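See below for the structure under consideration.
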Amino acid sequence: MQESVPSAGRARSRLSPDERRRQLVGIGLRRLVERPIQDLPIDEVAAEAGISRGLLFHYFPTKNDFYAAVVAAAGRRVLRTIAPDDGVSGDAALEQLLHRYVEQIGRRRESYLALVHGRGPVGGDEDLALGLRMAVARLVASALELPEAQAPVVHGWVAYVEDRALQWSEAAPQRRTPSSELVEHCSEALRALLALR
């Protein structure tokens, strides 16, 4: 089923259900930069898409389903942004990933906080934070070719890196240590943790 979309000054266009879902999630992603997911008004999203609130629920059966789709897309976006380049592995991959993760949090601090520390209907802040940290930990473990037994260590370390990056990004830019120093410190912290038996 395709439906019409009113747009200013243009003829109405029809979007497929998949295109409409992508559009709605895209609107949610843009709004997530401004506020936590639980504060995202469904009516505003529907209005921006040029559809009714009821039609939005045709694509996402509940508000929580819509919020979950937006949060999942935001998490995928973070992971794509911080992933090391293809063909890079080992310490070089770790350095790329760490640098990108720290810079991502620094550039998008408020939206990152809204993503992982928002409270509300999408499982609460712990589920969001834990899910993203676990995905980042998997990226690190894969880049370093670590055994599965090291997964809890890497997951805990990611929480540490996230906290350090959030503290770093909160400081005024002129008072921050260079991000390269933070990356080096976090890299050394991981090596020290992995050396523990």
Side-chain angles (χ1 to χ4, degrees), residues 22 25-26 28-30 32-33 36-38 67-120 122-173 175-197:
R22 281 193 298 275
V25 168
L29 283 171
R30 284 194 306 278
L32 187 60
V33 172
I37 191 72
Q38 72 276 4
Y67 287 166
V70 172
V71 166
R76 288 190 302 273
R77 181 181 281 178
V78 169
L79 293 173
R80 278 193 311 272
T81 301
I82 69 171
D85 295 339
D86 288 341
V88 178
S89 60
D91 289 342
L94 177 64
E95 185 176 337
Q96 271 187 1
L97 188 149
L98 267 172
H99 180 74
R100 291 171 181 175
Y101 192 37
V102 166
E103 291 296 326
Q104 171 75 9
I105 291 173
R107 276 191 318 273
R108 306 242 188 257
R109 185 175 198 281
E110 295 308 314
S111 61
Y112 187 87
L113 284 169
L115 173 63
V116 298
H117 295 293
R119 298 187 188 280
V122 189
D125 62 334
E126 280 306 302
D127 289 345
L128 301 177
L130 288 173
L132 185 56
R133 285 182 199 135
M134 187 56 75
V136 173
R138 281 191 215 103
L139 274 177
V140 171
S142 174
L144 296 177
E145 299 179 358
L146 296 175
E148 184 63 31
Q150 296 283 25
V153 172
V154 178
H155 183 262
W157 171 81
V158 170
Y160 173 76
V161 172
E162 178 187 272
D163 187 63
R164 290 297 310 265
L166 286 168
Q167 289 178 36
W168 173 83
S169 66
E170 189 173 32
R175 293 195 348 229
R176 291 180 190 162
T177 60
S179 61
S180 58
E181 286 182 26
L182 179 56
V183 166
E184 184 178 345
H185 166 82
C186 290
S187 181
E188 289 173 6
L190 178 60
R191 281 192 285 274
L193 282 170
L194 291 173
L196 295 174
R197 296 283 173 196

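Reckoned from all heavy atoms, side chains included, excluding hydrogens, waters and symmetry mates. Here the structure is a predicted model, which means the values were calculated and not measured.
Contact of the Val140 side chain with the Leu190 side chain is registered, since non-hydrogen atoms from C-beta on lie closer than 4.5 Å. Side chains of Tyr112 and Leu166 form a contact here, defined as non-hydrogen atoms less than 4.5 Å apart. Under the 4.5 Å side-chain criterion, counting only non-hydrogen atoms from C-beta, Tyr101 is in contact with Val158.
Contact detail for Ser179 and Trp168: the closest heavy-atom pair is CB-CZ2, 3.7 Å. Pairing each heavy atom of Leu29 with each of Val70, the nearest pair is CD2-O, 3.7 Å. Taking each heavy atom of Cys186 and Leu98 in turn, the nearest pair found is CB-CD2, 3.9 Å.
Residues passing the salt bridge (Lys or Arg N to Asp or Glu O under 4.0 Å) test with Arg77, sequence neighbours excluded: none.
The distance from the OG atom of Ser169 to the CD atom of Glu110 is 8.0 Å, given to the nearest 0.5 Å. The distance from the CZ atom of Arg176 to the CD atom of Glu181 is 13.5 Å, given to the nearest 0.5 Å. Going from atom CG of Leu182 over to atom CZ of Arg164 covers 5.5 Å, rounded to the nearest 0.5 Å. From His99, atom NE2 reaches atom CG of Leu97 across 11.5 Å, with rounding to the nearest 0.5 Å. Taking CD from Glu162 and CG from Leu113, the interatomic distance works out to 8.0 Å, rounded to the nearest 0.5 Å. Atom CZ in Arg138 sits 9.0 Å away from atom CG in Leu79 (nearest 0.5 Å).
Between His185 and Tyr160, the ring planes lie tilted relative to each other; the angle falls in the 30° to 60° range.
Counting only residues at least two apart or on different chains, the side-chain hydrogen bond (donor to acceptor under 3.5 Å, both in side chains) pairs with a member in residues 86-97 are Asp85-Gln96.
Of the possible donor and acceptor atoms, none in the side chain of Trp157 sits under 3.5 Å from a partner among the backbone N and O of Ala137.
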